[in-house]
Asks: 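Let me give you the structure first, and then I'll get to my questions.
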Amino acid sequence: MTMNFFRGVMGGQPAGPQPTGAETIHKLCDRVASSTLLEDRRDAVRALKSLSKKYRLEVGTQAMDHLVHILQTDRSDSEILGYALDTLYNIICNDEEEEQDESEDENAQKQEEDLGVLFTDKFLGDSENVTLLLTLLEEFDFHVRWPGVKLLTALLKNQCNQVQGVILVSPMGVSRLMDLLADSREVIRNDGLLLLQQLTKGNAAIQKIVAFENAFERLLDIITEEGSSDGGIVVEDCLLLLVNLLKNNSSNQNFFKEGSYIQRMKPWFEVGDDNSGWSAQKVTNLHLMLQLVRVMVSPVNSPGATSSCQKSMYQCGLLQQLCTILMATGVPADILTETINTVSEVIRGSQINQDYFASVNAPSNPPRPAIVVLLMSMVNERQPFVLRCAVLYCFQCFLYKNQKGQGEIVATLLPSTIDANSISAGQLLCGGLFSADSLSNWCAAVALAHALQDNLTQKEQLLRVQLATSLGKPPVSLLQQCTNILSQGDKIDRRGSKVQTRVGLLMLLCTWISNCPIAVTHFLHNQENVPFLTGQISENLGEDERLVQGLCALLLGICIYYNDNSLENYTKEKLKQLIEKRIGKENFVEKLGFVTKHELYSRAAQKPQPVFPSPEQMLFDHEFTKLVKELEGVITKAVHKTSEEEKKEEEVKKTLEQHDSIVIQYKDLIRDQDTQIQELREQVSTLSLNSEQMHNQIIQQQSQIQQHKDQYNILKLKLGKDSQGLSSSQGLSSSQGEGAHVNGLHSEELSQLREEVEELRRQHTLQHTQLSDKDSLINTLRCGAAAQTAEGGAGGSDNTDLLGEVESLRSRVQAQCAEISQLQTERQELIRRAEAVSSAPASSSESSADTVKVSELESRLAAQTTETERLKEECRGLREGHAGLEQQLASAQSTVAIEQTEKTKLQQEVQESKKEQDDLLMLLADQDQKILNLKQRLRDLGETIEDEDELDARDQFGEDDDDDDDEEEDEENND
């Protein structure tokens with residue numbers, strides 16, 4: 001019955017009305033929902049798949065829920081899962097419809113795209129559907145995994161953010177997708193790359209997860225396996241995914257650099273001698289590889305990360321390899337252009353990379369520096385426009401924060417370094433500056449301006465450059481020649497070219513004389529420059545010339561702001577009076593605002609690289625936009641300021657400079673005292689170390705004393721036993737002669753022992769006297785330490801610790817003295833016993849042995865006493881050094897406190913002075929406003945109000961009349 005049904009649907013139809021597509025799809029959906037046999041459901045889903053492309057709307061509307069149910073329930077049959085996934089892909093994906101609709105109208109194409117988004121939203125209505133799809137991707141069966149990858153990719157294309165959110169919160173969601181890169185089937189691996197490209201777009205969190213799933217290692221391995229730049233479309237897909245992972249993601253960039261993956265990029269750029277016949281795919285791959293390098297060193301990255309990547313690229317030889325491509329022959333133009341841009345950003349702001357680039361020579365005869373060869377292309381109007389822009393960007397990056405390179409470029413223009421036999425960078429720039437090509441004029445002017453950027457020395461050096469104009473005429477300075485070209489701009493035929501040339505020259509002049517009073521003086525010294533600028537600003541010109549007017553106003557404003565008043569005819573005040581009379585201050589400020597209001601200004605201010613759709617739109621430089629932003633406000637204020645305000649401002653500046661110099665002096669003094677305090681602390685730490693060493697020595701001495709005490713106790717016990725033995729044998733008559741001999745020996749030894757005891761007593765008395773002196777010294781130090789602690793001195797805690805250590809040493813020495821006294825007492829007892837023993841007969845050999853032991857003990861005791869005396873001497877020296885350190889530390893602390901108080905007072909005086917000046921300025925401003933309001937009211941009432949200049953002149957005239965009257969009265973009185 002089932003087969004008959006499908007024959008009726010798919011096979012030959014009997015005579016009668018044919019069912020429509022919607023009716024057929026409806027019957028198939030019923031079959032999918034109601035059939036109990038797996039084969040029936042599989043056949044129905046296969047039929048829906050075959051109809052899904054032609055009847056996309058009907059299948060999507062009626063069958064989607066049934067297909068999702070199949071994915072949930074029939075997990076055991078891979079064939080029906082594959083049919084269901086393919087059907088869902090056909091109704092959601094827009095690719096094939098786009099290909100079919102190329103010949104149809106745009107409305108139909110848009111309708112098909114909206115249909116894909118509609119079905120995507122329906123599928124994503126339940127987020128569990130995406131989780132189900134991720135689970136199906138774990139199936140290794142090709143017929144399930146491949147359509148699942150394609151379906152998920154289509155969902156990401158239509159609703160990227162929503163799908164990304166579901167995958168991000170799904171457990172192991174990203175990890176399952178990363179497993180696709182390890183699939184041995186290239187079709188699945190390649191489509192997995194496309195899936196990850198869509199997944200990582202604009203989502204930093206997913207980008208980080210993918211990167212930490214070892215994506216960099218896998219992608220670089222695939223690129224190497226596929227042949228690097230000679231590989232196919234797979235290499236391109238890997239590179240696109242790498243760009244997604246790294247662009248604007250500082251975490252991944254740091255991970256890429258720390259993983260030493262930059263070093264693995266070097267082999268990509270190895271080119272041979274014959275570079276002709278590159279395939280389109282190789283050009284695309286190499287272009288993406290260069291873009292990947294630029295992502296790592298982009299100016300929009302953090303300066304620290306960019307600098308670190310630049311250093312790595314130089315150390316691994318990547319920069320050298322890029323310079324090899326730069327100087328190679330036969331490289332396609334677009335690859336050469338992108339290589340120049342890449343080298344530009346690799347060397348931008350990195351001194352070591354810039355120095356290496358300056359040393360690169362082109363393989364020519366004779367060899368020429370790469371910079372010179374590139375500049376030759378920039379000023380050559382036959383070169384492509386994008387290539388000339390790239391060379392200009394490279395030159396700008398070479399000079400960015402590179403004062404050494406700026407000096408080398410300017411030096412090629414100076415008379416003493418010009419070599420007539422070779423072409424230098426300076427000669428090329430001058431040639432481009434004065435050529436007939438307006439684009440060369442602009443590029444050369446901007447390049448020369450970058451050689452002067454933030455470098456006062458080179459601005460002054462460039463004033464020395466002299467140019468020979470024609471035979472028989474004296475040379476003119478480069479500054480004057482630039483102004484001559486400006487004033488003769490009408491001789492240029494094309495209007496657009498005229499504006500571009502003049503804008504370039506004006507940007508050069510503004511950069512040159514800004515923050516350089518000497519250059520301002522040179523510029524104003526030519527009597528024609530100021531009238532030319534005022535004439536340009538005051539004219540009413542068309543839209544094309546408004547930018548030139550704004551730049552002329554900026555140049556004149558720089559002449560006012562950085563004027564040192566060295567020229568009597570062009571002081572700040574006279575220039576402002578000239579503006580007020582011939583232009584008007586409000587009109588001048590309005591013309592100055594033309595620069596920032598220009599539409600191309602904001603475009604150039606966005607990023608350093610000069611990117612322009614056409615040569616005609618090449619008007620502004622990125623660094624120049626920064627200069628305009630910095631100067632526009634200060635010039636406006638400078639023009640509106642009166643002479644009295646300027647004088648007051650100068651006085652305030654001088655006062656602040658004086659205060660600053662005083663503060664700097666005190667800072668230096670405090671810094672020196674901090675150094676001295678640090679040295680004193682080091683000395684204290686050294687003394688503490690010495691004290692610790694002495695402490696260790698005392699411990700060793702104590703152990704030795706303990707050993708001596710043990711030996712002495714043993715000897716004392718032996719002597720006690722010997723004395724008992726001698727008492728029991730007093731009645732023996734045979735040993736009387738020997739006893740007399742022993743008595744004689746003991747008498748001599750006893751006399752010696754008495755003398756030694758007396759000597760020890762004297763030493764003991766002397767030690768007690770010394771200890772009393774040390775006690776008084778320690779009490780004095782303790783009082784001084786207590787006073788320092790009350791004052792809160794910086795070294796109080798250290799001094800207290802050191803005093804504690806000295807007190808500990810003193811107590812130990814006293815303990816040793818007590819032990820010595822005890823030993824002496826015991827020794828006297830031993831001598832007394834020996835005298836008692838000497839009256840009785842005894843064995844001469846045993847007595848002699850005892851006497852030797854006593855002598856040995858006495859010698860050890862004497863050595864111990866000597867060592868104790870040495871330790872006392874060291875303690876005395878330590879106390880004396882500590883007392884000196886305490887005096888120095890107390891002096892330094894008092895000096896620091898006095899200077900800190902004076903510094904605080906000075907800072908308060910500066911703040912009060914600033915506040916008084918601000919209040920005075922506010923009062924003056926309010927008074928001026930009130931005067932203006934009163935004048936206006938008087939004018940409204942019909943009163944005649946005279947200007948301040950006329951009143952001053954009248955007052956002066958009245959004073960002269962008064963003087964004449966006084967003289968006449970004096971003459972009459974004399975008569």
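All values below come from the heavy atoms of this structure, side chains included, with hydrogens, waters and symmetry mates left out. Everything numeric in this text was worked out from a predicted model, so none of it was measured.
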Asks: Hey, is the main chain of Ile92 close enough, under 3.5 Å, to the side chain of Asn158 for a donor-acceptor pair?
Replies: yes
Asks: Measure the spacing between CD of Gln351 and CG of Asn402 and express it to the nearest 0.5 Å.
Replies: 4.5 Å
Asks: Hey, what do you get for CD (Gln197) to CG (Leu240), rounding to the nearest 0.5 Å?
Replies: 5.0 Å
Asks: So does Met376 get a backbone contact from the side chain of Asn380, meaning a donor-acceptor N/O pair under 3.5 Å?
Replies: no
Asks: Taking the side chain as everything from C-beta on, heavy atoms only, tell me whether Val446 gets closer than 4.5 Å to Leu508.
Replies: no
Asks: Quick one: do Asp237 and Arg189 satisfy salt bridge (Lys or Arg N to Asp or Glu O under 4.0 Å)? Show the steps, please.
Replies: CA-CA 11 Å; Asp237 292 336; Arg189 184 198 68 183; over 6 Å; no
Asks: What do the steps show when you test Gln500 against Asn441 for side-chain hydrogen bond (donor to acceptor under 3.5 Å, both in side chains), and what is the final call?
Replies: CA-CA 8 Å; Gln500 192 174 42; Asn441 301 154; over 6 Å; no
Asks: Does a donor on one side chain and an acceptor on the other come within less than 3.5 Å for Glu236 and Gln281?
Replies: yes
Asks: Verify side-chain contact (heavy atoms from CB on, under 4.5 Å) between Ser350 and Lys311, making sure each step is shown before the conclusion.
Replies: CA-CA 8 Å; Ser350 174; Lys311 183 178 179 181; over 6 Å; no
Asks: Does Val346 form a side-chain contact (heavy atoms from CB on, under 4.5 Å) with Leu318? I'd like the steps, not just the answer.
Replies: CA-CA 10 Å; Val346 173; Leu318 179 57; over 6 Å; no
Asks: What's the verdict on side-chain hydrogen bond (donor to acceptor under 3.5 Å, both in side chains) for Glu345 and Ser298, showing C-alpha distance, side-chain angles and the deciding distance?
Replies: CA-CA 6 Å; Glu345 295 181 353; Ser298 174; 5.1 Å; no
Asks: How far does CG of Asp437 sit from CZ of Arg382, to the nearest 0.5 angstrom?
Replies: 11.0 Å
Asks: Please check if the distance between the ring centroids of His450 and Tyr400 is under 6.0 Å.
Replies: no
Asks: Check whether any side-chain heavy atom of Leu219 lies under 4.5 Å from a side-chain heavy atom of Leu193, and answer yes or no.
Replies: yes
Asks: Is Arg264 paired with Asp221 through a side-chain N to carboxylate O contact shorter than 4.0 Å?
Replies: yes
Asks: Does the side chain of Asn353 come under 3.5 Å of the side chain of Gln310 through a donor N or O and an acceptor N or O?
Replies: no
Asks: Would you call the rings of Trp442 and Phe612 parallel, tilted or perpendicular if under 30° counts as parallel and over 60° as perpendicular?
Replies: perpendicular
Asks: Holding to side-chain hydrogen bond (donor to acceptor under 3.5 Å, both in side chains), I want the full list of residues that pass it with Arg368, two or more places apart in sequence or in another chain.
Replies: none
Asks: Would Lys607 and His622 count as a side-chain contact (heavy atoms from CB on, under 4.5 Å) if you check the C-alpha gap in whole Å, the side-chain angles of each, and the deciding distance to 0.1 Å?
Replies: CA-CA 7 Å; Lys607 56 182 180 178; His622 177 75; 5.6 Å; no
Asks: So, is the end of the Lys150 side chain (NZ or CZ) under 6.0 Å from the ring centre of Trp146 and within 45° of the ring's axis?
Replies: yes
Asks: Keeping the roles fixed (side chain from Gln164, backbone from Leu199), state whether a donor-acceptor pair exists under 3.5 Å.
Replies: yes
Asks: Find the distance between CZ (Arg603) and OG1 (Thr625) and round it off to the nearest 0.5 Å.
Replies: 13.5 Å
Asks: For a 4.5 angstrom cut-off between non-hydrogen side-chain atoms, does Leu177 reach Ile167?
Replies: yes
Asks: Indicate the atoms forming the closest heavy-atom contact of Tyr601 with Thr596, along with that distance.
Replies: CD2-O, 3.6 Å
Asks: Just by distance, do the side chain of Ser307 and the backbone of Pro303 share a donor-acceptor pair under 3.5 Å?
Replies: no
Asks: Are Phe216 and Leu245 close enough that some pair of their side-chain heavy atoms sits under 4.5 Å apart?
Replies: yes
Asks: Any non-hydrogen side-chain atom of Gln198 less than 4.5 Å from a side-chain atom of Leu194?
Replies: no
Asks: Just checking, Arg185 and Phe140: is the charged tip under 6.0 Å from the six-membered ring centre and within 45° of the axis?
Replies: yes
Asks: Take Ser440 and Arg388, measure what side-chain hydrogen bond (donor to acceptor under 3.5 Å, both in side chains) needs, and give me the verdict at the end.
Replies: CA-CA 9 Å; Ser440 297; Arg388 299 173 74 180; 2.7 Å; yes
Asks: For Gln207 and Thr200, indicate whether the former's side chain and the latter's backbone hold a donor-acceptor pair under 3.5 Å.
Replies: yes
Asks: Would you call Glu623 and Lys401 a salt bridge, using N to O less than 4.0 angstrom?
Replies: no
Asks: Between Asp183 and Arg145 (salt bridge meaning N to carboxylate O under 4.0 Å), is one present in this structure?
Replies: yes
Asks: Kindly indicate whether the side chain of Tyr393, heavy atoms from C-beta on, has any atom under 4.5 Å from the side chain of Asn341.
Replies: yes
Asks: With rounding to the nearest 0.5 Å, note down the distance linking CG in Leu196 to CG in Leu181.
Replies: 5.5 Å
Asks: Could you work out, with side-chain contact (heavy atoms from CB on, under 4.5 Å) as the rule, every residue matching Thr339, not counting sequence neighbours?
Replies: Leu290, Ile325, Leu326, Ile335, Val343
Asks: Are side-chain N/O atoms of Asn455 and Gln406 paired as donor and acceptor at under 3.5 Å?
Replies: yes
Asks: Begin from the C-alpha positions of Phe269 and Leu322 and carry the test side-chain contact (heavy atoms from CB on, under 4.5 Å) through to its verdict.
Replies: CA-CA 7 Å; Phe269 304 102; Leu322 292 173; 4.0 Å; yes
Asks: I'd like to know if Arg294 and Glu338 make a salt bridge, using a cut-off of under 4.0 Å between side-chain N and carboxylate O.
Replies: yes
Asks: How far apart are the closest heavy atoms of Ala358 and Ile371, and which atoms are they?
Replies: CA-CD1, 4.1 Å
Asks: Heavy-atom count around Lys247 NZ within 6.0 Å, excluding the residue itself: above 12?
Replies: no
Asks: Specify the closest pair of heavy atoms between Ala362 and Val373, including all atoms of both residues, with the distance to one decimal.
Replies: CB-CG2, 3.6 Å
Asks: So, do Pro332 and Trp278 sit near enough that their side-chain heavy atoms are less than 4.5 Å apart?
Replies: yes
Asks: Can you spot which of Cys397, Cys323, Pro369 makes a side-chain contact (heavy atoms from CB on, under 4.5 Å) with Phe357?
Replies: Cys323
Asks: Going by atom types alone, do Gln427 and Thr412 pair a side-chain donor with an acceptor below 3.5 Å?
Replies: no
Asks: Over 60° means perpendicular and under 30° means parallel, so tell me whether Phe395 and Phe398 are parallel, tilted or perpendicular.
Replies: tilted
Asks: Locate the shortest heavy-atom distance separating Leu627 from Ser514; write the atom from each residue and the value.
Replies: CD1-OG, 4.0 Å
Asks: Quick check: closest heavy atoms across Met289 and Ser228, and the distance to 0.1 Å?
Replies: CE-C, 3.6 Å
Asks: Measure the CE-SG distance between Met265 and Cys316 for me, rounded to the nearest 0.5 Å.
Replies: 8.5 Å
Asks: Do Ser435 and Val379 touch side chain to side chain, with heavy atoms closer than 4.5 Å?
Replies: no
Asks: Please report the closest heavy-atom contact between Ser377 and Val391, naming both atoms and the distance.
Replies: CB-CG2, 4.5 Å
Asks: Any side-chain donor paired with an acceptor under 3.5 Å for Asp621 and Gln396?
Replies: yes
